2 protein chains.
Amino acid sequence: MPKAHNVRPASALERTLHRLEDLCRERGQRLTRPRRAVLAKLLSARRPLSAYELLDLLRSEDGRSTAASVYRTLDFLMALGIVHRLESTRSFVLCEHPDGPHWVQFLICRRCGQVVEAEDERVAAATERLGQRLGFALDQHIVELTGVCESCRGSRAPH
Amino acid sequence: MPKAHNVRPASALERTLHRLEDLCRERGQRLTRPRRAVLAKLLSARRPLSAYELLDLLRSEDGRSTAASVYRTLDFLMALGIVHRLESTRSFVLCEHPDGPHWVQFLICRRCGQVVEAEDERVAAATERLGQRLGFALDQHIVELTGVCESCRGSRAPH
DNA sequence: TTGTACTTGATACAAAGTATCATAAGGACA
DNA sequence: TGTCCTTATGATACTTTGTATCAAGTACAA
């Protein structure tokens, strides 16, 4: 049986918001209502959302949300490294490895839309090495791998 | 001095068009005017073009070109594997390794816009392995690495 | 509580991509 | 050569995605 604590376990939302608070404090940036709201929506969606899907969700709570404010907020959260953009699907997803800077890879299932965020040493080393070989000082690394996930292959003929 | 030949050396355009002709014949697809034109423009640009940049170029020769026709043609050429889309810059570029199916990586210089298309075994193997580890049967592989190329780093402090 | 730099809301706009359908153009065949 | 059929094109309208600008509002420090 797990040991009892005085602090009760934080919800995923509370944990993520604390992380955001810390990052803002560290960097002297403000934690505003729309920033909290976007984070909460991305968290509860548990899947990538397009900017306009997000806008629709936000408007259901605050009719003043606009495309411009959504994109601004997403840019802010991406700069903090707690949201990623999936280029191949033009959508935005909460980072699953929010501690420190890192190079991640996304695996996207074309059947069910599931997205897995990986942090694979081998891939990171291989791309870094490729950059060196070709004389590039790399600072951004987009790796989006699309296919069919295990459970979707299981339910139908694998192709 | 280079050896004389009876066949005069084909221009890059001629070679690329022959490649396109062959592919169309193999697959029973038609080689039409707009398809040749898009290929020629991408070739002479020697850099990635957005769909609307391409449209402007095409309109200078045929005023009837439209966005729809440009996208249709690009989709066709991408299906043949002789054009790639760069997701991170929403642009299209001629394939530099047009022989057979392959997984490529792009290195993009954020200073000068230069794009290098690589076909790196190590990166391909690492991503394939990652897919296997996570149970994905991968069929698409987007790798776009952004940084500063060698000559741009040489001309200024590297950062 | 007040000041102020930063952020937001509102509006308008630009860029990127798609749907639909009638017309046109290749190619097979008589 | 002309007919038929298939596929691609041209034309139009539209949707989705992303930005620029600027006045008004607000989080945070002092």
Side-chain angles (χ1 to χ4, degrees), chain A residues 17-18 20-42 48-80 83-93 113 142 144, chain B residues 20-21 23-42 48-80 83-93 142 144:
Chain A
L17 279 176
H18 282 144
L20 179 55
E21 277 171 27
D22 292 347
L23 278 170
C24 286
R25 214 182 350 261
E26 278 169 26
R27 307 198 183 196
Q29 310 221 257
R30 293 188 196 164
L31 183 42
T32 62
R33 216 168 99 74
R35 288 171 182 176
R36 289 173 206 270
V38 164
L39 200 71
K41 288 300 179 195
L42 282 176
L49 295 176
S50 77
Y52 280 79
E53 282 177 323
L54 198 43
L55 177 57
D56 286 343
L57 292 172
L58 291 167
R59 274 218 245 255
S60 69
E61 289 177 358
D62 180 350
R64 293 171 309 171
S65 304
T66 64
S69 68
V70 170
Y71 279 104
R72 261 193 315 242
T73 304
L74 288 169
D75 285 345
F76 175 83
L77 296 173
M78 285 191 292
L80 292 185
V83 164
H84 295 294
R85 160 184 281 156
L86 295 178
E87 297 291 339
S88 58
T89 56
R90 275 139 231 205
S91 61
F92 301 86
V93 69
I142 294 170
E144 298 179 17
Chain B
L20 178 56
E21 277 170 27
L23 279 170
C24 286
R25 214 181 349 260
E26 277 170 27
R27 308 196 181 196
Q29 310 221 254
R30 294 187 195 163
L31 183 41
T32 62
R33 217 167 97 73
R35 289 170 182 177
R36 288 174 205 270
V38 165
L39 200 72
K41 288 300 179 195
L42 281 176
L49 295 177
S50 76
Y52 280 78
E53 282 177 323
L54 198 42
L55 176 57
D56 286 343
L57 292 171
L58 291 167
R59 273 219 245 256
S60 70
E61 289 177 358
D62 180 350
R64 293 170 310 170
S65 303
T66 64
S69 69
V70 170
Y71 280 103
R72 262 194 313 243
T73 305
L74 287 170
D75 285 345
F76 175 83
L77 296 173
M78 285 191 291
L80 292 185
V83 164
H84 295 295
R85 161 185 276 149
L86 295 178
E87 296 290 340
S88 57
T89 56
R90 275 138 232 207
S91 61
F92 301 85
V93 68
I142 294 171
E144 299 180 17

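No hydrogens, no waters, no symmetry mates; every other heavy atom, side chains included, goes into these values. These figures come from a predicted structure and were not determined experimentally. Letters A, B, ... are given to chains in the order of the sequence lines, protein chains preceding strands, and every chain is numbered from 1.
Of the inter-residue distances, the one linking A:Ser65 atom OG with A:Leu57 atom CG reads 10.0 Å to the nearest 0.5 angstrom. In this structure, NZ in B:Lys41 is found 14.0 Å from OG1 in B:Thr73, a value given to the nearest 0.5 Å.
Here C:dA14 presents its P atom at 15 Å from CG of B:Asp56, a figure rounded to the nearest Å. When the P atom of C:dA15 is taken as reference, atom OH of B:Tyr52 falls 10 Å away, rounded to whole Å. A:Arg33 places its CZ atom 14 Å from the P atom of D:dC28, with the value rounded to the nearest Å. For B:Glu53 and C:dA15, the CD to C1' distance is 12 Å, given to the nearest whole Å. Following rounding to the nearest Å, A:Leu55 (CG) and D:dT17 (C1') show an atom-to-atom distance of 12 Å. Rounded to a whole Å, the CZ atom of A:Phe76 is 12 Å from the C1' atom of D:dA27. Rounded to an integer number of Å, the gap from B:Arg72 CZ to D:dT7 C1' is 11 Å. Rounded to a whole Å, the CG atom of B:Leu77 is 13 Å from the C1' atom of D:dA8.
Side-chain proximity of B:Phe92 to C:dA10, C:dG17, D:dA8: nearest is C:dG17.
When the side-chain nitrogen and oxygen atoms of B:Tyr71 are compared with OP1 and OP2 of C:dT18, none of them lie within a distance under 4.0 Å. OP1 or OP2 of D:dT9 sits under 4.0 Å from a side-chain N or O of B:Thr32. Close to D:dG10, at under 4.0 Å from its OP1 or OP2, lies no side-chain N or O of B:Ser65. A sub-4.0 Å separation between OP1 or OP2 of C:dT8 and a side-chain N or O of A:Arg35 is present.
With hydrogens and angles left out, the side chain of A:Arg30 and the base of C:dT7 share no donor-acceptor pair within 3.5 Å.
A:Glu144 places a side-chain N or O within donor-acceptor distance of the main-chain N or O of A:Glu87, the cut-off being under 3.5 Å. When atom types are taken as modelled, the side chain of A:Arg36 and the backbone of A:Leu20 share no donor-acceptor pair closer than 3.5 angstrom.
Between A:Gly63 and B:Arg90, the residue anchored closer to the 5' end of DNA chain C is A:Gly63, taking for each the nucleotide with the nearest heavy atom. Position along DNA chain D of the nearest nucleotide to A:Ala68 versus A:Thr89 favours A:Thr89 as the more 5'-ward residue.
A salt bridge does not link B:Arg72 to B:Asp75: none of the charged side-chain nitrogens sits closer than 4.0 Å to a carboxylate oxygen.
The residue B:Arg64 sits close only to the backbone: its heavy atoms come under 4.0 Å of sugar-phosphate atoms, none of a base.
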